[in-house]
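The structure appears right after this line, and notes come after that.
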Amino acid sequence: MQHFFKNNRKKIIGSLKEEKAIIFLFSGKAQHKTCDQFFPFEPNRNFYYMTGIDKPHLIYMAIKNGDNIDETLFIERYDEFKAKWNGKTINEEEATNISGIENIKYIDEFYQAISTSIFRNNIETVYLDLENRYLDKSNRAFKEAELLKENYPYINIKNIYNNIGYLRLFKEEQEIEYMKNAINITKKGIENILKNANPNIMEYELEACFDYEIKRNGSKDKAFNTILASGQNATVLHYEDNNDKINDCELVLIDLGATYKYYNADISRTFPINGKFTDRQKQLYNIVLEGQRKVIEAIKPGLPFKRLNEILLEHYQEELTKIGLIKDKSEVSKYYYHGVSHYLGLDTHDVSGGLGGDDTLKKGMVITVEPGLYIAEEKIGIRIEDDILVTETGYENLSKDIIKTVEEIENFFKNR
Ligand code: GLY
Ligand code: MN
Ligand code: MN
């Protein structure tokens with residue numbers, strides 16, 4: 001993968017308009033949880049995409065000076081005490097092997113390096129990853145932007161978030177392989193849920209069946225908090241409490257994914273806890289499934305992203321009227337209230353870099369297709385979600401092997 005990370009850096013630095021500029025990226029740090037406990041460390045995904053390294057506190061610096069590119073990675077110095085308590089940090093050789101960056105320095109040399117680089121190269125533009133969706137003032141890039149403005153008031157600070165986000169939309173072969181792996185592991189996790197599903201089980205017990213199976217199969221973590229929602233809970237889109245008892249005859253909505261090398265799967269399935277759909281459940285389920293089929297089959301390069309949701313809405317308007325659930329087209333929004341697709345990759349709701357101002361699908365993008373139907377008064381929530389790669393001529397359903405039709409689900413229960 002070293003070649004992939006090197007190539008990403010080359011493309012991003014090549015996309016800068018300035019003759020001279022500096023980029024700084026930070027890997028981040030573990031977030032504080034309580035007392036002396038921290039949440040597991042998650043590398044900043046743009047830092048990871050550019051270096052391949054998933055260790056905290058590291059800094060990537062690239063100086064662009066005409067055609068010349070000078071890259072440095074700042075790592076932690078070896079600390080014997082820390083090594084004994086928390087384990088060794090990454091060393092020079094490991095950092096170079098993963099990233100392909102030859103020049104390695106230590107993070108205590110960073111501020112001196114900023115000063116030297118800016119003066120020596122006459123730099124007037126600094127790029128930082130300034131995504132700050134949750135207005136988090138402790139964000140390292142945000143803090144560095146403040147410091148730079150204070151110390152070098154003539155410097156232009158620019159945001160590199162969209163440059164990297166746009167490139168991340170287009171998946172290379174190796175990334176697609178990792179996503180397929182994440183999806184395959186997710187498949188095993190889903191099957192383990194179905195094997196253990198029985199009336200009166202707790203939602204979190206079934207969730208545990210997924211967690212156990214994905215770890216057994218090479219996934220270090222979940223892509224996002226698992227949604228395991230029975231009955232009425234399934235009408236809450238991001239229900240994550242997972243702490244109710246599942247009653248006989250209820251439908252269970254699972255929305256979950258494994259990760260593989262930080263690439264995510266995002267799959268939803270809905271099944272009856274006792275293994276047999278009622279006629280009403282089957283009727284509604286098949287309307288959602290048919291809507292999903294129509295959307296997926298429309299996928300090809302050139303199709304506007306927003307068209308995907310329109311196709312589903314047209315389908316619902318017709319089918320929900322036919323079964324008498326709605327009388328007027330506008331009533332669809334009472335039972336379906338989210339978008340049908342999002343981009344998928346290193347983030348579950350993957351970044352898109354503003355799409356370069358063009359929202360049509362293009363080869364190499366991976367999107368979800370996830371129609372849902374939520375009827376609170378009937379205590380029914382249904383969502384079916386697959387992960388789709390846009391190919392040169394159409395699409396490839398990366399999750400096509402995961403059990404989905406009424407017949408497949410009922411047969412699985414009969415034969416388990
Ligand atoms: N799991 C969140 C979503 O499907 O978008
Ligand atoms: Mn999902
Ligand atoms: Mn999704």
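In this chain, residues are counted from 1 in sequence order. We count ligands from 1, going down the list as the structure has it; atoms in each ligand are counted the same way. Atom set for the values below is all heavy atoms of this structure, side chains included, hydrogens, waters and symmetry mates excluded. This is a predicted model, so every value here is computed, not measured.
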Practice problem: Mind reading off the angle at the Mn ion (ligand 3) between the NE2 atom of H342 and the OE2 atom of E370, rounded to 10°? | Solution: 80°
Quiz item: Can you tell me if H349 has an N, O or S atom under 2.8 Å away from the Mn ion (ligand 3)?
Solution: no
Quiz item: Tell me, which N, O or S atom in D255 is closest to the Mn ion (ligand 2)?
Solution: OD1
Self-check item: N/O/S atom of E385 inside 2.8 Å of the Mn ion (ligand 3), strictly under
Solution: yes
Quiz item: Between F271 and F277, is the ring centre distance below 6.0 Å?
Solution: no
Self-check item: Ring-ring centroid check F26 F47, cutoff 6.0 Å
Solution: no
Quiz item: What about Y260 and Y178, are their ring centers closer than 6.0 Å?
Solution: yes
Practice problem: Please list, by chain and number, the protein residues whose heavy atoms come under 4.0 Å of ligand 1. | Solution: F224, D255, D266, H342, H349, E370, E385
Quiz item: Looking at the rings of F74 and Y60, which for Trp means the six-membered one, are their centres under 6.0 Å apart?
Solution: no
Quiz item: Under a 4.0 Å N-O cut-off, is there an ion pair linking K245 with E203?
Solution: no
Practice problem: Report yes if the distance between the aromatic ring centroids of F110 and Y106 is under 6.0 Å, otherwise no. | Solution: no
Self-check item: Ring centres under 6.0 angstrom apart (Y335, Y316)
Solution: no
Exercise. Evaluate the side-chain proximity of E175 to Y263: yes if any heavy-atom separation is below 4.5 Å, no if none is.
Key: yes
Quiz item: Name of the D266 N, O or S atom nearest the Mn ion (ligand 2)?
Solution: OD1
